[in-house]
There are 2 protein chains.
Amino acid sequence: MATIGFRQHDHGQCIATALSQAEAKCAEQKLQFTPVRRRVLEILLDKHRAMGAYDILDILSAEGMGSQPPVVYRALDFLVQHGFVHRIERLNAYTACAHPTHDHVPAFLVCRECKAVAETETELTQGRLGSAADKTGFRIEKIVVEAEGLCPACAGARP
Amino acid sequence: MATIGFRQHDHGQCIATALSQAEAKCAEQKLQFTPVRRRVLEILLDKHRAMGAYDILDILSAEGMGSQPPVVYRALDFLVQHGFVHRIERLNAYTACAHPTHDHVPAFLVCRECKAVAETETELTQGRLGSAADKTGFRIEKIVVEAEGLCPACAGARP
DNA sequence: ACCCACGACGTTATAACATATCAAGCGAAA
DNA sequence: TTTCGCTTGATATGTTATAACGTCGTGGGT
Ligand SMILES: [Zn+2]
Ligand SMILES: [Zn+2]
Ligand SMILES: [Zn+2]
Ligand SMILES: [Zn+2]
């Protein structure tokens, strides 16, 4: 599985697989995969793009699952914490992880028009950033890599 | 000039140099280096860390240079646009560029405790991210690379 | 059975970050 | 001098995120 997001795929299958993987991982690690958490992940998988917390909240509240910000932020915190969802810093938004079965340092291609997101992985950690950290004694705990640009669809629509 | 930010330096000189470089570049490109813009850059250079827009605004307004958000956001837009300042997405904050004399793709080490920021450059653009972009036809326009962790001072204080 | 600790959730309020819009000032170009 | 473009002033509003505090249900120890 590599860069998905700008390619066709069986989306129903894609959602079902990801949900059951999440369920399995939570069972294994004794995490509570509660209805709200499950539904938030499902929404993110379904839309398959970066969504703002309040967009998600609108959907939740329309379904009677809580209508205040903390509801969705808590669910997102949980999902991010356990690697089911990534936060896109550039957009202050969230997207379901494309390869939740193994640990990784994600990198993203984010379309500035339609907000579609493709996730890949990065080798980084070494390179200039790593050596700069070493030289100064900085201890890296997390790395954010996000590329912004135009996806094929949006580039085609307005070349 | 490389990674500064976690090292000692003659800070008065550092500020003076950066300001006069900015002044020169604006003159050359017929940009207006207005008092507000100059002062905002100066504040960022002085603090030498990531600052939120409203932190800057507090200082400006204490000095009678405008007290509404648009004042500082307009100045920041200008400074970012022309490469004098970078936005740190991870913090929704801003920091003065450490090497404003040439174009570059900046990468940052950001201390999660004290918000100190060290800027280095990244080779990236190639690598897995670039090839993922090529494969899918995504056109990259901008790249954000930010590492979060503990700076030497904060790691020392609480090891 | 009882108590309690813990984690999740409900709710209110507020903090923090950012933009839309319209009007006024001001210097340079025409 | 008129016009134009850019900067700024001012008000209002939109968007994202967290603090604070109470409640509820589950599960473990007694
Ligand atoms: Zn991922
Ligand atoms: Zn697009
Ligand atoms: Zn820079
Ligand atoms: Zn620090």
Side-chain angles (χ1 to χ4, degrees), chain A residues 22-23 26-27 29-41 43-44 50-82 84-95 110 112 115 144 146, chain B residues 22-23 26-27 29-41 43-44 49-82 84-95 110 112 115 144 146 148:
Chain A
E23 203 156 352
C26 286
Q29 301 187 17
K30 303 218 190 296
L31 304 172
Q32 301 187 40
F33 198 47
T34 64
V36 174
R37 291 169 179 179
R38 181 190 179 90
R39 185 65 188 124
V40 169
L41 177 55
I43 289 167
L44 285 171
M51 296 183 72
Y54 282 74
D55 296 336
I56 298 168
L57 182 57
D58 287 345
I59 297 175
L60 285 183
S61 76
E63 296 170 354
M65 297 187 81
S67 53
Q68 295 74 31
V71 172
V72 70
Y73 279 103
R74 285 193 284 234
L76 288 169
D77 285 349
F78 172 89
L79 294 169
V80 168
Q81 193 83 28
H82 296 95
F84 303 123
V85 163
H86 298 294
R87 177 178 162 83
I88 308 294
E89 300 294 343
R90 181 66 217 247
L91 301 175
N92 296 328
Y94 303 82
T95 192
V110 182
R112 69 169 150 78
K115 310 302 186 224
V144 173
E146 297 173 7
Chain B
E23 202 156 352
C26 286
Q29 300 187 17
K30 302 219 191 295
L31 304 172
Q32 300 187 40
F33 197 49
T34 65
V36 175
R37 291 168 179 180
R38 181 189 179 91
R39 185 66 188 123
V40 170
L41 178 55
I43 289 168
L44 285 171
R49 71 193 337 91
M51 296 182 73
Y54 280 72
D55 297 335
I56 298 167
L57 181 58
D58 287 345
I59 297 176
L60 285 183
S61 77
E63 296 171 354
M65 296 187 82
S67 54
Q68 296 76 30
V71 171
V72 70
Y73 279 104
R74 286 192 285 233
L76 287 169
D77 284 350
F78 172 89
L79 294 169
V80 169
Q81 194 83 28
H82 296 96
F84 302 124
V85 164
H86 298 294
R87 177 179 162 84
I88 308 294
E89 299 294 342
R90 178 67 217 239
L91 301 175
N92 295 328
Y94 304 82
T95 192
V110 182
R112 68 170 151 78
K115 309 304 186 222
V144 173
E146 298 173 7
E148 184 175 341

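Note on naming: letters A, B, ... go to the chains in the order of the sequence lines (proteins, then strands), and numbering restarts at 1 for each one.
- Listed by residue number, the members of residues 71-78 of chain A with any heavy atom below 4.0 angstrom from DNA chain C are A:Val71, A:Arg74.
- Rounded to an integer number of Å, the gap from B:His82 NE2 to D:dC6 P is 11 Å.
- In summary, A:Glu146 and A:Arg90 do not engage in a salt bridge, as defined by a charged side-chain N under 4.0 Å from a carboxylate O.
- Each of A:Tyr54 and B:Tyr54 was matched to the nucleotide of DNA chain C holding its nearest heavy atom; the match closer to the 5' end belongs to A:Tyr54.
- Checking C:dA18, D:dT16, C:dC9 against the side-chain heavy atoms of B:Asn92 singles out C:dA18 as nearest.
- Spacing between atom CD of A:Glu89 and atom P of C:dA18 amounts to 12 Å, rounded to whole angstrom units.
- At whole-Å resolution of the value, CG in B:Leu57 and P in D:dT11 are 14 Å apart.
- One atom, CG of A:Asp58, and another, P of D:dT16, lie 10 Å apart when rounded to the nearest Å.
- Minimum atom distance to the side chain of A:Pro69 is reached by C:dA13, of the listed C:dG7, C:dA13, D:dT8.
- Of the two residues near DNA chain D, B:Pro70 and B:Thr34, the one whose nearest nucleotide lies more 5' is B:Thr34.
- As a whole-Å value, the separation of A:Ile56 CD1 from D:dT16 P is 11 Å.
- Atom pair A:Gln68:CD and D:dC21:C1' shows a separation of 14 Å (rounding to whole Å applied).
- Phosphate proximity of C:dA18 to B:Arg87: present, with a side-chain N or O under 4.0 Å from OP1 or OP2.
- What separates CZ of A:Arg38 from C1' of C:dA8 is a distance of 18 Å, to the nearest Å.
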For nucleotides 25-30 of chain C, just jot down a letter per nucleotide in 5' to 3' order: B, S or -, based on protein non-hydrogen atoms under 4.0 Å. ------
What's touching nucleotides 23-27 of chain D from the protein side, N or O pairs under 3.5 Å?
none

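- Between A:Asp55 atom CG and D:dT15 atom C1' the separation is 10 Å, expressed in whole Å.
- Dashed line: the shortest gap from a side-chain N or O of A:Tyr94 to OP1 or OP2 of D:dA17 is under 4.0 Å.
- Residue B:Ser67 has no polar side-chain atom (N or O) positioned under 4.0 Å from OP1 or OP2 of D:dA10.
- Both cation-pi conditions hold for B:Arg37 and B:Phe78: the charged atom is under 6.0 angstrom from the six-membered ring centre and inside a 45 degree cone around its axis.
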